[in-house]
Amino acid sequence: MGDVTTMTTTDRTAGPATDDTADRGADGTRGRARERRRPELAAFLRGRRARVTPQDVGMPPGPRRRTPGLRREEVAQLSGVGVTWYTWLEQGRPINASPQVLDAVARTLRLGGPEREHLYRLAGVAFAPAPDSGGQAVAADVQGILDALDPLPAVVYNTRYDLLATNAGYRLLFQVREDLHDPTTGRPANALWTLFVAPEGLCPLLFRESELPVMVGILRSAYGRHVGEPGWEEFVRALSGASEEFARLWRSGDVAPPGRYVKTFRHQGLDGELRMTSTSLAIDNMPECRIVVYAAADEATRELLGRLRADTESSADRETTAGQERPGGDERSGNDEGSRP
């Protein structure tokens, strides 16, 4: 069946009025959202203030204290803001708040990461996560999920595509060292560095011209939350200097969301292409990270992956047997494999 194209004709004289109406509608929606956030902000600040005692912040409790927790003037003093300004903020009045001031209030009220983000949202200020989440540790239960997904390749990426955790299936498919260090680049394993900097013969990704712009677009989308952070700025600067292709794609300014994609890979030990569906999964308490699971997109790929696993296990068994028979038990440790995305 052919494509159906629908055309709509609009009266020229009605155009500006329609646009104005849409703008007014959008402004009205945003205004109602702000009005709903203000009482929520007021209640949130009062509740957090009541939790913090003077002793928590090194202040004497003082006599005849009727207020549970800190007083408004104490929060203002500790945060370095005016008493009137903080009072208006807690009352939900329409005032402007900068990220620096909200950070100061958050420190005084001892807000954790999720609470700090909630404060920003209620105040109508763009939230900036804590700088450079690259070293974020992966909890044992998350690693357990990765291992349970095996033989499906699975990995935990942060928003810079650093490899934070992998399972055996991922390391086998992409030839990643278990210590997540990439000897090719001399850096911690990072999918983008491998794709853009590793020799072309070692790059496992086919159809680079269509796949790489999407990955750089996902990176660019995340970068918007980290502009100016030293770790991010150095990462982009270093990779741009190492790869003109990355620098060109970065300059395009295109953005893309994480999601479900079909990618085609190759493996040095296999004859044939591997078509894999990648699916991104969110992780609780790790907002800057995601689990990416790769599943065979067709039966041919499933058979190739099974053959790769069988060949690897057979080779490992032969090496174990040879080592046991060799006088002195010549042991081997580690491997020279690099990082593959």
Side-chain angles (χ1 to χ4, degrees), residues 30-31 33-62 65 67-139 158-160 162 164 219-237 255 282-290:
R30 287 192 291 268
R34 285 193 296 269
E35 291 299 325
R36 290 179 61 87
R37 285 198 302 265
R38 286 169 186 162
E40 289 290 334
L41 174 62
F44 178 70
L45 288 173
R46 286 196 299 269
R48 301 311 95 174
R49 177 166 59 85
R51 295 187 318 182
V52 183
T53 67
Q55 294 92 323
D56 290 336
V57 293
M59 298 176 64
R65 194 173 189 91
T67 303
L70 296 176
R71 299 186 178 97
R72 285 175 176 168
E73 56 268 27
E74 292 169 340
V75 174
Q77 178 184 355
L78 292 168
S79 303
V81 300
V83 176
T84 300
W85 184 92
Y86 178 77
T87 300
W88 287 1
L89 179 69
E90 192 174 291
Q91 290 175 344
R93 296 199 188 188
I95 59 175
N96 294 324
S98 69
Q100 292 80 7
V101 169
L102 290 180
D103 278 345
V105 172
R107 286 192 295 270
T108 299
L109 298 181
R110 300 192 164 193
L111 302 187
E115 292 176 318
R116 178 173 171 267
E117 179 175 0
H118 189 58
L119 172 64
Y120 268 67
R121 305 297 186 202
L122 293 178
V125 176
F127 175 66
D132 194 6
S133 60
Q136 191 164 4
V138 174
N158 63 12
T159 48
R160 281 205 313 254
D162 293 324
L164 303 185
L219 179 75
R220 166 71 75 171
S221 180
Y223 172 77
R225 301 189 296 273
H226 298 276
V227 175
E229 293 181 12
W232 273 79
E233 298 298 341
E234 172 57 25
F235 178 86
V236 172
R237 182 165 49 251
V255 298
I283 308 174
D284 286 344
N285 301 319
M286 295 183 71
E288 289 284 294
C289 302
R290 65 191 186 277

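We use all heavy atoms of the structure for the numbers below, so side chains are in, but hydrogens, waters and symmetry mates are not. Since we're looking at a predicted model, the values are computed, not measured.
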Revision key, fill the gap. So CD1 of Ile95 and CG of Leu89: to nearest 0.5 Å the spacing works out to 5.0 Å
**Study point:** Least distance between heavy atoms, Ala222 atom then Thr159 atom
**Key:** CB-CB, 3.5 Å
Review point. Between Gln91 and Arg93, what is the shortest heavy-atom contact and its length?
Key: OE1-NE, 3.0 Å
Exercise for review: For residues Cys289 and Leu164, report the shortest heavy-atom separation together with the two atoms involved.
Suggested key: SG-CD1, 3.6 Å
Point to revise | Distance (rounded to the nearest 0.5 Å) between Leu111 CG and Asp103 CG | key: 10.0 Å
**Study point:** Separation of Glu74 CD from Thr108 OG1 (nearest 0.5 Å)
**Key:** 11.0 Å
Review point. Between CG of Leu109 and CD of Glu115, what distance do you get to the nearest 0.5 Å?
Key: 9.0 Å
Exercise for review: Look at atom CD of Glu40 and say whether more than 12 heavy atoms of other residues, nucleotides or ligands are closer to it than 6.0 Å.
Suggested key: no
Check your understanding: Roughly how far apart are Arg38 CZ and Glu90 CD, rounded to 0.5 Å?
Key -> 16.0 Å
Study note, to complete from the structure: All heavy atoms of Asp56 vs all of Arg51, minimum pair found to be OD2-O, 3.9 Å
Review point. Measuring from Arg107:CZ to Leu102:CG, what's the distance to the nearest 0.5 Å?
Key: 10.5 Å
Review point. Who pairs with Arg110 by side-chain hydrogen bond (donor to acceptor under 3.5 Å, both in side chains), at least two apart in sequence or on another chain?
Key: none
Review point. Any side-chain heavy atom of Leu45 within less than 4.5 Å of one from Val105?
Key: yes
Check your understanding: Considering all heavy atoms of both residues, which atom of Ala42 and which atom of Gly92 are nearest to each other, and what is their separation?
Key -> CB-N, 4.1 Å
Check your understanding: Restricting to pairs with a member in residues 81-118, which pass ring-ring contact (aromatic ring centres under 6.0 Å, His included), not counting sequence neighbours?
Key -> Phe44-His118
Practice item. Check whether any side-chain heavy atom of Leu70 lies under 4.5 Å from a side-chain heavy atom of Leu78, and answer yes or no. Key: yes
Revision key, fill the gap. Tightest non-hydrogen contact, residues Ala106 and Leu119, listed as CB-CD2, 4.2 Å
Review point. Would you call Glu234 and Arg237 a salt bridge, using N to O less than 4.0 angstrom?
Key: yes
Exercise for review: Apply side-chain hydrogen bond (donor to acceptor under 3.5 Å, both in side chains) to Glu73 and list each qualifying residue two or more places apart in sequence or on a separate chain.
Suggested key: none
